[in-house]
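To start, the structure under review is shown below, and the notes come after it.
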Amino acid sequence: MTYKANKVIPLADTRYASRMPSVPAQLSAPTGLLSDALGRPLRDLRISVTDRCNFRCSYCMPKEIFDKDYAYLPHNSLLSFEEITRLARIFVAHGVEKIRLTGGEPLLRKNIEALIEMLATLTTPEGQPLDITLTTNGSLLAQKAQTLKDAGLQRVTVSLDGLDDAIFRSMNDVGFPVADVLKGIDVARQVGLAPIKINMVVKRGTNDAEILPMARHFRHSGAVLRFIEYMDVGASNGWRMEEVMPSAQVIERLHAEFPLTAIDPNYVGETAGRWRYADGAGEIGVISSVTQAFCRDCNRARLSTEGKLFLCLFTNQGHDFRALLRGDYSDEQIAAAVGPVWQARGDRYSELRAALPADTIATDGALKRVEMSYIGG
Ligand code: SAM
Ligand code: SF4
Ligand code: SF4
């Protein structure tokens, strides 16, 4: 059976437009060498396992929108662990080497360890293990780190926007104490979920005073602290350019206290610019998604909780792979459907935004962009 290409399927539980991928009549097997319309390979798959979260960070899930009446996905919409693993296996055959579990808050997904165990059995066509990681707000990390490690998770990224308890509580907007996240980071380190990365979203005027205390705290710890520019993702965070602190200014501030040297990226497509403390205290990173677009090497695809594939963080159009998973399709047919989707990809939102005057960029405009909590960071 073959679906018509680019047919738009309106589903009752669907918040964003989605297209059912077409299954080519002639099936071609994955080669691991897919290339999109701008010559970019497919290497990194980010899988959102829940659209729910126990935090209400204003830059991601502002309380006013994500309130008790918000329509989260019903349980039967979520991909099961078997469905996620089946798709992941197909994407690995197409060249994916790294899988990041995200959300929402991924540790809220019941029995997430079972999914990690299943994903950990996958290998690349060359027989190499996958790089499996997870991004978490850290609230449940102290209690879950050991079971995550035992299940096969290799490392974690923990989001932490400051050390000052009042600032942290107000940024997560549910009054969650910073000490509990720090405890989670310690336990993760003790069980060997390393190297740990710490993500700090910097909002000018809100937590930029935390840049130096964070750097002081994580120097010599082995953890890599990464400063992220506040992005105009989604349609609900009321993003304004004035609140973005350009990475160049973050580096300037750090460099004044701790001299830094720029270092080469670990691999092509790495999102963070890397810097090393000149005194040997470790490494930091900056993710300059607003001021320095890195679309040229973007090799990431994102799978939403309900099985839609998004080719860019800023798109509003998904490709509904759940429809294929739950239809009568073989792995070969689904694999053959992935190729044309990636090959047609021309997304490069951040590059295009860089060419726009700042006052024309908004998140509350006409375009219903996909929310970060839905497809993950
Ligand atoms: N709940 C988990 C967490 O916070 O780590 C995983 C999901 S969260 C959407 C993934 C990452 O996206 C986090 O590091 C978060 O700080 C980042 N993020 C969310 N909204 C953002 C925004 N508007 N700009 C920049 N980063 C953002
Ligand atoms: Fe939750 Fe993470 Fe979004 Fe904060 S950034 S609201 S912790 S999903
Ligand atoms: Fe990739 Fe889209 Fe971000 Fe550019 S804007 S780096 S294409 S996710």
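Values below: every heavy atom of this structure, side chains too, minus hydrogens, waters and symmetry copies. Start at 1 and go down the list; that is how both ligands and their atoms are numbered.
- Annotation: cation-pi pair Arg204/Tyr230 absent, no NZ/CZ under 6.0 Å from the ring centroid and within 45° of its normal.
- Residue contact check: Val201 has heavy atoms under 4.0 Å from atoms 16 (O), 25 (C), 26 (N), 27 (C) of ligand 1.
- For ligand 3, the atoms closer than 4.0 angstrom to any heavy atom of Arg300 are 1 (Fe), 6 (S).
- With a 4.0 Å cut-off on non-hydrogen atoms, Arg302 touches ligand 3 through its side chain and not its backbone.
- Taking atom 8 (S) of ligand 3 as the reference point, the nearest protein heavy-atom neighbour is Leu313 N, 3.3 Å.
- In this structure, atom 7 (S) of ligand 3 lies nearest to the protein heavy atom Asp347 O, 3.5 Å.
- Here Cys53 reaches atom 1 (Fe) of ligand 2: one of its N/O/S atoms is less than 2.8 Å from the metal.
- Of all the atoms in ligand 3, the ones that sit under 4.0 Å from a non-hydrogen atom of Phe314 are 5 (S).
- At a cut-off of 3.5 Å, with distance as the only test, no side-chain donor of Arg302 or Ser48 sits close to an acceptor on the other residue.
- Numbered from 1 in the order shown, with element, the atoms of ligand 1 that lie under 4.0 Å from a heavy atom of Asn237 read 23 (N).
- Atoms of ligand 3 found under 4.0 Å from any heavy atom of Ser350, numbered from 1 in the order shown, are 5 (S).
- When hydrogens are left out, the protein atom nearest atom 4 (Fe) of ligand 2 is Cys57 SG, 2.3 Å; that is the closest non-hydrogen contact.
- Here is the list of ligand 1 atoms found below 4.0 Å of a heavy atom in Val233: 22 (C), 23 (N).
- Nearest protein heavy-atom contact of atom 2 (Fe) of ligand 3 is Cys312 SG, 2.3 Å.
- With a 6.0 Å cutoff to the six-membered ring centre and a 45° limit on the axis angle, Arg56 does not count as a cation-pi contact of Phe66.
- The shortest contact between atom 3 (Fe) of ligand 2 and any protein heavy atom is with Cys60 SG, 2.4 Å.
- Ranking protein heavy atoms by distance to atom 1 (Fe) of ligand 3, first place goes to Cys298 SG, 2.4 Å.
- Those atoms of ligand 1 that come under 4.0 Å of a heavy atom in Tyr230, given as number and element, are 23 (N), 24 (N).
- Within the listing of ligand 2, atoms 6 (S) sit less than 4.0 angstrom from a heavy atom of Met61.
- Of all the atoms in ligand 1, the ones that sit under 4.0 Å from a non-hydrogen atom of Glu105 are 1 (N), 2 (C).
- No donor-acceptor contact under 3.5 angstrom links the side chains of Gln343 and Ser35, judged on distance only.
- In this structure, Leu115 and Val49 approach most closely via the heavy-atom pair CD2-CG1, 3.7 Å.
- No heavy atom of Met200 sits closer than 4.0 Å to any atom of ligand 1.
- Not a single heavy atom of Gly103 lies less than 4.0 angstrom from ligand 2.
- Listed by number with element, the atoms of ligand 1 under 4.0 angstrom from any heavy atom of Gly103 are 7 (C), 9 (C).
- Near Thr136, meaning under 4.0 Å from one of its heavy atoms, ligand 1 places the atoms 2 (C), 3 (C), 5 (O).
- Taking a cut-off of under 4.0 Å to the non-hydrogen atoms of Tyr349, the atoms of ligand 3 that pass are 5 (S).
- Under the 30°/60° scheme for interplanar angles, the aromatic rings of Phe176 and Phe55 are found to be tilted.
- Residue Gly104 places a heavy atom less than 4.0 Å from ligand 1.
- Those atoms of ligand 1 with a heavy atom of Asn199 less than 4.0 angstrom away are 14 (O).
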